[in-house]
2 protein chains.
Amino acid sequence: MQTIEIIGLIAATCTTAAFVPQVYKALKEKSTADISLTMYVVLFIGLILWLIYGIYHESLAIILANTITGVLVIIMLALKIKHK
Amino acid sequence: MQTIEIIGLIAATCTTAAFVPQVYKALKEKSTADISLTMYVVLFIGLILWLIYGIYHESLAIILANTITGVLVIIMLALKIKHK
């Protein structure tokens, strides 16, 4: 695999994994007052569109990254609605 | 332009624009206690790597989306450090 493609994979891993500490913090502290609901709604719409794009282009990396981020974003939306 | 590429552009616009309401909320309320610093640090590393990937592949969409998101993430990092 080319170095640049490995960089792309690490990039995708970072931008997906970034949401794990946010979900963990919200679960632990049961507080989401400073979190923007609009951000996570718009992000979710974007992830669904990326998923469609990835499925069309048969890109496993795009499909995987956006599915996992999508699950984390759904958890954040649920926590935001629960602890508003 | 193909419909699927338009979907990709809308997807990129959503996942970038999503951070605007979060920055606005943090600026207005001067409170970032519920925001995960780790999330924004990991996200920033990912965006830098995406930028390298985009520059290598000469993809204006990847370069633009990640540069704008990067600026918004830097603002969030600054606000998180200021209002911790």
Side-chain angles (χ1 to χ4, degrees), chain A residues 2-57 59 61-62 65-66 69-70 72-73 76 79-80 83-84, chain B residues 2-57 59 61-62 65-66 69-70 72-73 76 79-80 83-84:
Chain A
Q2 261 194 301
T3 308
I4 192 68
E5 294 312 316
I6 294 169
I7 289 174
L9 281 180
I10 300 170
T13 304
C14 284
T15 47
T16 292
F19 290 89
V20 174
Q22 180 66 78
V23 167
Y24 176 76
K25 186 178 173 74
L27 276 171
K28 193 179 68 173
E29 299 178 4
K30 294 180 175 56
S31 174
T32 57
D34 301 331
I35 303 288
S36 163
L37 178 65
T38 315
M39 166 181 164
Y40 283 89
V41 169
V42 176
L43 198 55
F44 187 70
I45 295 166
L47 293 170
I48 295 291
L49 295 174
W50 271 128
L51 195 59
I52 294 167
Y53 185 87
I55 290 167
Y56 181 91
H57 283 294
S59 163
I62 295 178
N66 288 285
T69 313
L72 294 166
V73 165
M76 280 307 296
L79 290 169
K80 176 66 188 173
H83 302 299
K84 66 178 175 185
Chain B
Q2 260 194 302
T3 309
I4 192 68
E5 295 311 316
I6 294 169
I7 289 174
L9 282 179
I10 299 171
T13 305
C14 284
T15 49
T16 293
F19 290 90
V20 174
Q22 180 64 77
V23 167
Y24 176 75
K25 187 178 172 72
L27 276 171
K28 194 179 67 172
E29 299 178 3
K30 295 180 175 52
S31 173
T32 57
D34 300 331
I35 302 288
S36 163
L37 178 65
T38 314
M39 167 180 163
Y40 283 88
V41 170
V42 177
L43 199 55
F44 188 69
I45 295 167
L47 293 170
I48 295 292
L49 295 174
W50 272 128
L51 196 59
I52 294 168
Y53 185 87
I55 290 167
Y56 181 89
H57 283 294
S59 164
I62 295 178
N66 288 285
T69 313
L72 294 166
V73 165
M76 280 307 296
L79 290 169
K80 177 66 188 174
H83 302 300
K84 68 178 174 186

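Quick note: numbers below take in every heavy atom, side chains included, and nothing from hydrogens, waters or symmetry partners.
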| field | Side chain / backbone / both / neither for A:A26 at chain B, heavy atoms under 4.5 Å | value |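 It is neither, since no heavy atom gets under 4.5 Å.
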| note | The interface call for A:T15 against chain B, heavy-atom contacts under 4.5 Å, is both
Measuring heavy-atom distances to chain A, does [X] have an atom under 4.5 Å in its side chain, in its backbone, in both, or in neither?
X     : result
B:S31 : both
B:I62 : neither
B:F44 : neither

| What parts of residues 18-25 of chain A touch chain B if we use heavy atoms and a cut-off under 4.5 Å? |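 Within residues 18-25 of chain A, the residues that come under 4.5 Å of chain B (heavy atoms only) are A:A18, A:F19, A:P21, A:Q22, A:K25.
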I need the [X] [atom1] to [Y] [atom2] distance, nearest 0.5 Å.
X     : Y     : atom1 : atom2 : result
B:E5  : A:H57 : CD    : NE2   : 4.0 Å
A:L43 : A:T38 : CG    : OG1   : 12.0 Å
A:C14 : A:I7  : SG    : CD1   : 11.5 Å

To check you understand the geometry: which heavy-atom pair defines the closest contact between [X] and [Y], and what is its length?
X     : Y     : result
A:T16 : A:A65 : OG1-O, 3.3 Å
A:A11 : B:G46 : CB-O, 3.7 Å
B:T13 : B:L9  : OG1-O, 2.7 Å

| Quick one: do the A:Y56 and B:Q2 side chains pair a donor with an acceptor below 3.5 Å? |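 Side-chain D/A pair, A:Y56 to B:Q2: present.
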| message | Strictly distance-based, threshold 3.5 Å: is any side-chain N or O of B:T32 a donor or acceptor partner for the main-chain N or O of B:I35? | response | no
| Donor-acceptor pair, side chain of B:D34 and main chain of A:A33, under 3.5 angstrom | yes
| task | Tell me, out of A:T69, A:V42, A:I48, A:I52, who's got the most heavy-atom pairs with chain B below 4.5 Å. | result | A:V42
